[in-house]
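Each chain gets a letter, A, B and so on, in the order the sequences are listed, and its residues count up from 1.
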Protein chains: 2
Amino acid sequence: MVEISGIMPVVDELDSAIIRELQADARQSNRELARKLGIAPSTCLERVRSLTHRGVIRGYHAEIDLTALNRGVQAFIAVQVRPLSRAVIDAFKDAVRGMPEVLAVFVLAGGDDFQLHVAVQDLDHLHSFLVDRLSKRREIVSFRSSVIYQREHNNVLSPLPAD
Amino acid sequence: MVEISGIMPVVDELDSAIIRELQADARQSNRELARKLGIAPSTCLERVRSLTHRGVIRGYHAEIDLTALNRGVQAFIAVQVRPLSRAVIDAFKDAVRGMPEVLAVFVLAGGDDFQLHVAVQDLDHLHSFLVDRLSKRREIVSFRSSVIYQREHNNVLSPLPAD
DNA sequence: TTTGAAAGACGATCGGA
DNA sequence: TCCGATCGTCTTTCAAA
């Protein structure tokens, strides 16, 4: 008998359905969720608790219109840093993560070391962010920025098959 | 007198605080939210409704651990398509948006036309996604993929100052 | 694990300030 | 616009299967 359980993310069909529903609408009531899945509310609550405790559900977040946050311009910034040591990587990552303009930081393999996703007021602020703030960091050896015209993201992700 | 209201996203201090709280935890009760902000629950409810109606709050989504969804490998794929017409752009965007591997599609200005953010089971599946599915599309003239080692994203975004 | 029942907490409405 | 009272619904717990 193989021990697969513990705090492992073993997600069955019912868990998957809960995950799907809560990705689509995190604020629907536990009763409505239970009704959709054909189970008792108490069962549903226990499932959601278990998923949360196991780390499968990491949180619930409101999605806010970026223009309402005065962030009409988005861009990607691909960055190369040197030397490519853990200390430099972690320091850079922590620094940019704390900047209010930065939505996300990605540590990459390959040509570029980082990709930053930023959202700012307008092109002037993008430029000043690049020139006045980012380029001040000495570990950066190059960066390229690409303005984002449109963004479409999939809020509801399904588990992929094992294959 | 200038007309600024209507269905415009005029967000005051209280709205900002609500937005901040609901980005951090979308499932907290209306009462708890009201208590944190020092307002009556009925007031809080009305504010949240107004923000939703005005399109400032776009939805509430559970954040799910990608490894639990059997998506241990993430990557960016920068794509160039030709001809660069609206028809081609929209067709490509709609096609990739519907692929289960794709978390997000970005339409870019500059060197590349698109950036795809994908999450798949492993490197083998990334390879087969690129070779067997993506490269089948005739409008693609080139693509480069970068594996993502780490991703850190900021769930709570503040409004930026007007300046 | 799942369930139904019970108790307490919450969402939603509305009249008044 | 905000608030407090009210009603109906919901979350949460728990003992049992």
Side-chain angles (χ1 to χ4, degrees), chain A residues 1-65 68-70 159 162, chain B residues 1-65 68-70 159 162:
Chain A
M1 187 65 171
V2 183
E3 176 65 292
I4 54 165
S5 195
I7 290 196
M8 279 194 56
V10 178
V11 174
D12 65 14
E13 285 295 320
L14 191 51
D15 288 334
S16 285
I18 291 173
I19 287 168
R20 173 169 36 78
E21 286 297 331
L22 288 180
Q23 283 181 100
D25 179 8
R27 283 204 74 133
Q28 61 187 304
S29 74
N30 183 65
R31 285 188 104 87
E32 188 178 352
L33 188 54
R35 185 185 53 72
K36 285 180 183 170
L37 306 181
I39 58 176
S42 49
T43 305
C44 191
L45 198 64
E46 175 51 33
R47 286 283 189 148
V48 172
R49 279 211 183 112
S50 171
L51 287 167
T52 303
H53 181 251
R54 286 182 283 158
V56 175
I57 295 175
R58 299 174 62 93
Y60 305 95
H61 310 288
E63 180 188 355
I64 306 298
D65 179 30
L69 295 176
N70 198 24
Chain B
M1 187 67 170
V2 182
E3 177 65 287
I4 55 165
S5 193
I7 289 195
M8 278 193 59
V10 177
V11 174
D12 65 14
E13 285 295 319
L14 192 51
D15 288 334
S16 285
I18 291 172
I19 288 169
R20 173 169 35 79
E21 286 297 330
L22 289 179
Q23 282 181 101
D25 179 8
R27 280 201 75 122
Q28 61 187 307
S29 72
N30 182 65
R31 291 185 107 88
E32 188 179 352
L33 188 54
R35 187 186 51 74
K36 285 179 184 172
L37 306 183
I39 57 175
S42 51
T43 305
C44 192
L45 199 63
E46 176 49 34
R47 285 283 190 150
V48 172
R49 278 212 185 111
S50 171
L51 287 168
T52 303
H53 181 251
R54 285 182 284 158
V56 175
I57 295 175
R58 299 175 63 93
Y60 305 95
H61 310 289
E63 180 188 355
I64 307 298
D65 179 31
L69 295 176
N70 198 24

>> Quick check: closest heavy atoms across A:His61 and B:Gln23, and the distance to 0.1 Å?
In response: ND1-O, 2.7 Å
> Can you tell me how far CG of A:Asp15 sits from CG of A:Asp12, rounded to the nearest 0.5 angstrom?
Replying inline: 4.0 Å
> How does each nucleotide of nucleotides 10-17 of chain D score, in 5' to 3' order, for protein heavy atoms under 4.0 Å: base (B), sugar-phosphate only (S), or none (-)?
Replying inline: BBBB----
>> If I compare all heavy atoms of B:Val11 with all of B:Ser16, which pair ends up nearest, and what's the gap?
In response: CG1-OG, 3.6 Å
>> Can you tell me which residue among A:Asp25, A:Ile39, A:Val48 is in a side-chain contact (heavy atoms from CB on, under 4.5 Å) with A:Leu33?
In response: A:Val48
> Nearest 0.5 Å, what's the CD-CG distance between B:Glu46 and B:Leu51?
Replying inline: 9.5 Å
>> What range of DNA chain C does chain B touch, first nucleotide to last, counting atoms under 4.0 Å from its heavy atoms?
In response: C:dC10 to C:dT13
> What is the distance from CD of B:Glu46 to P of D:dG4, rounded to the nearest Å?
Replying inline: 16 Å
>> If the helix axis at each end comes from five base pairs, how far does the helix from C:dT1-D:dA17 to C:dA17-D:dT1 deviate from straight, to 10°?
In response: 30°
> Nearest 0.5 Å, what's the CD1-CG distance between B:Ile19 and A:Leu69?
Replying inline: 5.5 Å
> Between A:Gly55 and B:Asp65, what is the shortest heavy-atom contact and its length?
Replying inline: O-CB, 3.4 Å
> Picking from A:Leu37, A:Thr52, A:Ile18, what satisfies side-chain contact (heavy atoms from CB on, under 4.5 Å) with A:Arg47?
Replying inline: A:Ile18
> Out of curiosity, A:Glu21 CD to A:Gln28 CD, how far, rounded to the nearest 0.5 Å?
Replying inline: 5.0 Å
> For A:Arg27, does the CZ atom sit with more than 12 other heavy atoms under 6.0 Å from it, leaving out its own atoms?
Replying inline: yes
> What integer distance in Å separates B:Arg47:CZ from D:dT1:C1'?
Replying inline: 8 Å
